[in-house]
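Some notes on the structure that comes next.
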Amino acid sequence: IDKALAKAGKDRGKPTLIRLRTIIGFPAPTRQNSAKAHGEPLGADEVRKTKAILGWPLDEAFHVPAEVTGEIAGHQAAGERVRKGWDRRLRKYRKEFPELAGEFDSALSGAVQLDWAGITPQFPPGTMLATRQASATTLQALAAVIPTLAGGSADLAGSTGTNVPGLATFGRQEIGRNFAWGIREHGMASAMNGMALHGGVRPYGSTFLVFADYMKPAIRLAALMGLPTIYIFTHDSIGVGEDGPTHQPIEHLAMLRSIPNMTVFRPGDAAETAEAWRAAIERTEGPTALILTRQKLPVPARDGLGAVADVRRGGYVLQEPGESARAIVISNGSELPVAVAAARQLGAEGIPVRVVSLPSWEAFRRQPQAYRDQVLPPTLRARVSIEAATRFGWLEWVTDGGEMIGIEHFGASAPAERLFQEFGLTAEAVVAAVRRVLARRSA
């Protein structure tokens, strides 16, 4: 094996495959070549017999052969020499190039100090913009000031907006910050894990939300290891439209939200998208997923709306009625404008309604209880949620006093507007649900 690895290491022109024919559990006398050797302890008697076959001492609970400890000692000495040489060169570098050394340290630590007010793009109110487009604009602004930010897409850069103009593409001939990962989502996410573990680079990767399935093992490991990877998932709902149910994610938000140490943001407009990006950049103890629309959404004037900076807190009061609210409508993403339209209609009928934007459940849970109660008062349990995905998990925010509007089936192939109408993701459906909730509570 050692000779094969040494030979493979000398060939830098192409990959090498080393095939080993092995017997599971070898040389255990009765357990080798059996499933039990994989899934169960050998047992004291089998361990003793196996040691006898190997010629190992029978009286040692855990034996390490001398040739192994000798090999380790040699590597320790070699590693110490390499480390001392590195430290010597680094001290010299710090002395000769203190400013560059500071940038180097900052890159390895992952710390980012930015003038966010000067960086964050401004989006003209009254226009229409998909959150994937707002994300692309924000990413370009961030890439210009964060030299460690690097990534790309699983062959969908044109759709996900992740090819940053002016930056080279990483390849054999050039070290660039745009990555063409190819149609290999799992490979992309796994490589991002390696990049994040090494340090000195902040990796992001993108694809359609429905393809998060292919990345799940690597995403889970990123969360387990606390890696600050960033996933950009676009085409986030039945709003994908004519591509049909195979490309329309229904259960994927619930899946991502269920992963421990994962933070998911589903912003409802361009300004919220920019704030979600800031939250992703500032989060260094685990992965963040940005869930973005294919279809265009209105860019609202922020006058009279809650502070968009509170997106980073996971949830906030987007719109408050002129008098005490009788109900709360909670939403995010492309359904947030639907919630606002429903509140407007209910207000015209004399039913004051608060609209809460809840783009990140995880970030909201991390807030102090006092803030969460301020946004979702425990005494105001007449609540309705709307999200173009399975309702799984929404009961936490709606409580048993409210209703949840979502999708408990796969989508269909049709324009987004028709699908939202057909599947009841409309302001009229929200209005009807609020009326029902209030009627039950007054009965």
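Closest non-hydrogen pair, Pro377 versus Arg383, comes out as O-NH2, 2.8 Å.
Ile386 has its side chain within reach of Leu425: a pair of non-hydrogen atoms, C-beta onward, lies under 4.5 Å apart. At least one side-chain heavy atom of Val437 sits under 4.5 Å from a side-chain heavy atom of Arg441.
When Thr137, Thr273, Val299, Asp269 are each tested for a side chain to side chain contact (heavy atoms under 4.5 Å, CB included) with Leu129, only one passes: Val299.
Applying the ring pair (Phe, Tyr, Trp, His ring centres under 6.0 Å) definition to pairs two or more places apart or across chains, none involves residues 103-151.
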Side chain to side chain contact (heavy atoms under 4.5 Å, CB included) between Tyr371 and Asp310, intermediate numbers included:
CA-CA 11 Å; Tyr371 177 77; Asp310 285 336; 3.8 Å; yes
Side chain to side chain donor-acceptor pair (under 3.5 Å) evaluation trace for Thr229 with Tyr231
CA-CA 7 Å; Thr229 48; Tyr231 310 107; 3.0 Å; yes
Would Thr263 and Arg283 count as a side chain to side chain donor-acceptor pair (under 3.5 Å) here? Give the steps.
CA-CA 9 Å; Thr263 297; Arg283 177 168 161 77; 3.2 Å; yes
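Tyr316 and Gln367 share no donor-acceptor pair across their side chains, judged by distance under 3.5 Å alone. Under 3.5 Å, the side chains of Thr131 and Thr293 contain a donor-acceptor pair of N or O atoms. Between Thr162 and Ser206, the side chains place a donor N or O and an acceptor N or O closer than 3.5 Å (distance only, hydrogens not considered). Using a 3.5 Å distance cut-off with no hydrogens or angles, the side chains of Gln421 and Arg418 do not pair a donor with an acceptor.
In this structure, the ring-ring contact (aromatic ring centres under 6.0 Å, His included) partners of Phe423, at least two apart in sequence or on a different chain, are His409. Partners of Arg257 according to the side chain to side chain contact (heavy atoms under 4.5 Å, CB included) rule, which considers only residues two or more places apart in sequence or in another chain, are Leu253, Val264, Asn332, Trp361, Glu362, Glu387, Trp394.
Heavy-atom neighbours of Ile175 CD1 from other residues, nucleotides or ligands within 6.0 Å: at or below the threshold of 12.
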